[in-house]
Each structure stands twice: as C-alpha cells, then as structure tokens.
Amino acid sequence: MAALTGPKQDRSRATRQRLLEAAVACLAERGWAGSTVAVVAERAGVSRGAAQHHFPTREDLFTAAVEYVAEERSQALRTLPTQDRRAVVAALVDLYTGPLFRAALHLWVAASNEEQLRPRVTELEARVGRDSHRIAVQLLGADESRPGVRESVQGLLDMARGLGLATLLTDDRARRERVVAQWTRLLDEALG
C-alpha cells in the first residue's frame, strides 16, 4: 500500500487528532464505563470504522489519547517563562486540575481493574511522571544535586495531584490559590 501524501494524509492526521481530543473529553466527562469507541467516534464526527482504523482497540484509543494530550500540555509548559516562580507553580498545579487529569484518573481507575490495560497505563504514567518532573526541574531552575531539592520538586507535583483530586468534587480555587502561594514560598526557600 502506498504511503499517504498530501490532502489524504492531512485528513487522516486531522481525523486522528479529533479522535484523540474527543477520547480525552469523553473520559473526563463520562469516565471509563461511559467512554466507548462508538461514543468517541460520534463526538469526533467520524464513523466507528474510521476510529477503529486509527485505533484497533479501546485501550489503544484511550492510552494514545491521554499520552497525546499530556505531550501537548508538556510542550506548552516548556514555553513558560521561568522568571516568575509563582506562575510556574500555578501552571504545574493546573496540570492536575484540568480535564486531562480527570481523564487520566478515569484511565488509572480502569487500569486498576482491567489486566489488559494495567501494564500500558502503568508504563504511560511512569513516562508522563518522569517528563513532568523533568519539566518542573527545568522551569523552577532547580539544582537537584542540592540536598532536599529533588524531594521538594516531587512534593510539589504530589501536592498538585492531591489538589487535582480535591477539585474532582468541589471547586476549591480560592484554597488552591493560597496553597500555590505557600508552595511558592517553600520552593523559594528550598531552591534558593
């Protein structure tokens, strides 16, 4: 079969992107049980067959979707100016309080109960976690050779994940802003 070129390749890429974005939105809104390939295809405006052409299994679709959006978010974070530590802390917290985190959480819960999904999500989470840590270190200008710095950065990410969990049930923006301000002060002390 000849490789796709030109407009056909562009349409294929656009279809794939719509499917990935629709999959994350469905996971975030409906959870694993309510997110099927058919539901995602409908939301993306494509046939179920087109969806299965790009992603043969449900697991392929949803792990690719979370990975795609995580990579998009990582790219956006890499462009943040590093002079304003509070803005960096807030942006890192935002990673865990938006639809991507909600979608990833549904995927994690599903993986805890589904053997065929668990290894894929475990590997994906490890990769995304390492990437998030690496980006946080870079944005914060952290020198991990100093005692306690690595743990401080990881503590920030763990705290952000906890805020993400709290946000699932209630809108706690006011408290989150106070916590971001406090973590900024703590990081200023820890990172120098």
With sequence neighbours left out, what residues match R127 under salt bridge (charged side-chain N to carboxylate O under 4.0 Å, His left out)? E67, E123

In a table with atom names and distances, give each donor-acceptor pair under 3.5 Å that connects a side chain of residues 41-50 to protein atoms at least two apart or in another chain.
from, atom 1, to, atom 2, distance (Å)
R43, NH1, E29, OE1, 2.7
R43, NH2, E29, OE2, 3.1
S47, OG, A50, N, 2.9

Taking all heavy atoms of V24 and all of A103, pick out the closest pair and write down the distance. O-CB, 3.6 Å

Contact list for residues 6-48, test ring pair (Phe, Tyr, Trp, His ring centres under 6.0 Å), sequence neighbours left out: W32-F62

So if you build clusters from Ile, Leu, Val, Met, Phe, Trp, Tyr with side-chain heavy-atom gaps below 4.5 Å, do L95 and V137 land together? yes

Interatomic distance, L156 atom CG to H133 atom NE2 [nearest 0.5 angstrom]: 10.0 Å

Between D188 and R185, is there a side-chain N and carboxylate O pair less than 4.0 Å apart? no

Nearest-0.5 Å distance that lies between atom CD in E177 and atom CD in Q182: 14.5 Å

For the pair T122 (side chain) and P119 (backbone), establish whether a donor and an acceptor sit closer than 3.5 Å, ignoring hydrogens and angles. no

Sidechain-backbone polar pair: D171 side chain, R173 backbone, donor-acceptor under 3.5 Å: yes

Scanning both residues in full, the closest heavy-atom pair of A104 with V66 reads CB-CG1, 4.1 Å

Got a sec, which pairs hit salt bridge (Lys or Arg N to Asp or Glu O under 4.0 Å) with one end in residues 132-144, sequence neighbours left out? D131-R134, E144-R150

Going from CG on L163 to CG on L92, what distance comes out if it is rounded to the nearest 0.5 angstrom? 12.0 Å

Could you list all the salt bridge (Lys or Arg N to Asp or Glu O under 4.0 Å) pairs where at least one residue sits in residues 52-61, not counting sequence neighbours? D60-R120

Any chain of hydrophobic side-chain contacts (each under 4.5 Å) joining M159 to L186? yes

Once ring pair (Phe, Tyr, Trp, His ring centres under 6.0 Å) is applied, do any residues pair with Y96, and if so which ones, sequence neighbours excluded? F101

Salt bridge present between D84 and R86 (N-O < 4.0 angstrom): no

